[in-house]
Amino acid sequence: MKTSRAIARFAVPGLLLAGLLGAQPAAAADCYSIGQQIADQNGGQLANVRESNRGGQTVCVIVVLVPGKDGGRPRRQEFTVPAN
């Protein structure tokens with residue numbers, strides 16, 4: 001009985017964690033690749049990507065840090081594009 005409790009104590013959280021880490025929505029992966037493309041096109045660095053629902057449509061909200069002029073601070077640019 002103690003052995004089965006010990007196994008359950010470690011196995012259940014491990015299975016839940018594995019499910020959360022392994023199960024990534026396809027749109028989130030698409031948003032990341034779209035974000036990489038936008039960052040490359042703008043000569044910046046991808047800072048954040050999130051999926052959002054606006055007006056019933058799934059969109060990707062992408063934040064890119066673009067180098068500032070004359071060595072200044074990077075500028076934050078936000079792009080909203082359709083997820084598909």
Visitor: Compare every heavy atom of A83 with every heavy atom of C31, then report the nearest pair and how far apart it is.
Guide: SG-CB, 4.4 Å
Visitor: Can you tell me how far apart CZ (R54) and OG1 (T80) are? Round to the nearest 0.5 Å.
Guide: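 OG1 of T80 is found 4.5 Å from CZ of R54.
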Visitor: Does any pair with a residue in residues 63-74 pass salt bridge (charged side-chain N to carboxylate O under 4.0 Å, His left out), and if so which ones, sequence neighbours excluded?
Guide: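 The answer is none; no pair qualifies.
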Visitor: Around atom CD of Q36, are there more than 12 heavy atoms of other residues, nucleotides or ligands at under 6.0 Å?
Guide: yes
Visitor: Return the set of residues passing side chain to side chain donor-acceptor pair (under 3.5 Å) with R76 (not counting sequence neighbours), or none when no residue passes.
Guide: E78
Visitor: So, using side chain to side chain contact (heavy atoms under 4.5 Å, CB included) as the criterion, who are the partners of Q77 when residues are at least two apart?
Guide: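 Only N42, V66, R75, F79 meet the side chain to side chain contact (heavy atoms under 4.5 Å, CB included) criterion with Q77.
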Visitor: To the nearest 0.5 Å, how far apart are CD in Q37 and CD1 in I62?
Guide: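 Between atom CD of Q37 and atom CD1 of I62 there are 9.0 Å.
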Visitor: Specify the closest pair of heavy atoms between L46 and Y32, including all atoms of both residues, with the distance to one decimal.
Guide: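 Smallest heavy-atom distance, with atoms named: CD2-CE1, 3.7 Å.
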Visitor: Taking side chain as C-beta onward, heavy atoms only, is V59 less than 4.5 Å from N53?
Guide: no
Visitor: Which residues pass the side chain to side chain donor-acceptor pair (under 3.5 Å) test with Q57, sequence neighbours left out?
Guide: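 Result, side chain to side chain donor-acceptor pair (under 3.5 Å) vs Q57: none returned.
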Visitor: With the side chain counted from C-beta on, respond yes when I34 and V81 share a heavy-atom pair under 4.5 Å apart, and no when they do not.
Guide: yes
Visitor: I'd like to check the side chain to side chain contact (heavy atoms under 4.5 Å, CB included) partners of N48; sequence neighbours left out, ordered by chain and number.
Guide: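 For N48 the side chain to side chain contact (heavy atoms under 4.5 Å, CB included) partners, ignoring immediate neighbours, are R50, V63.
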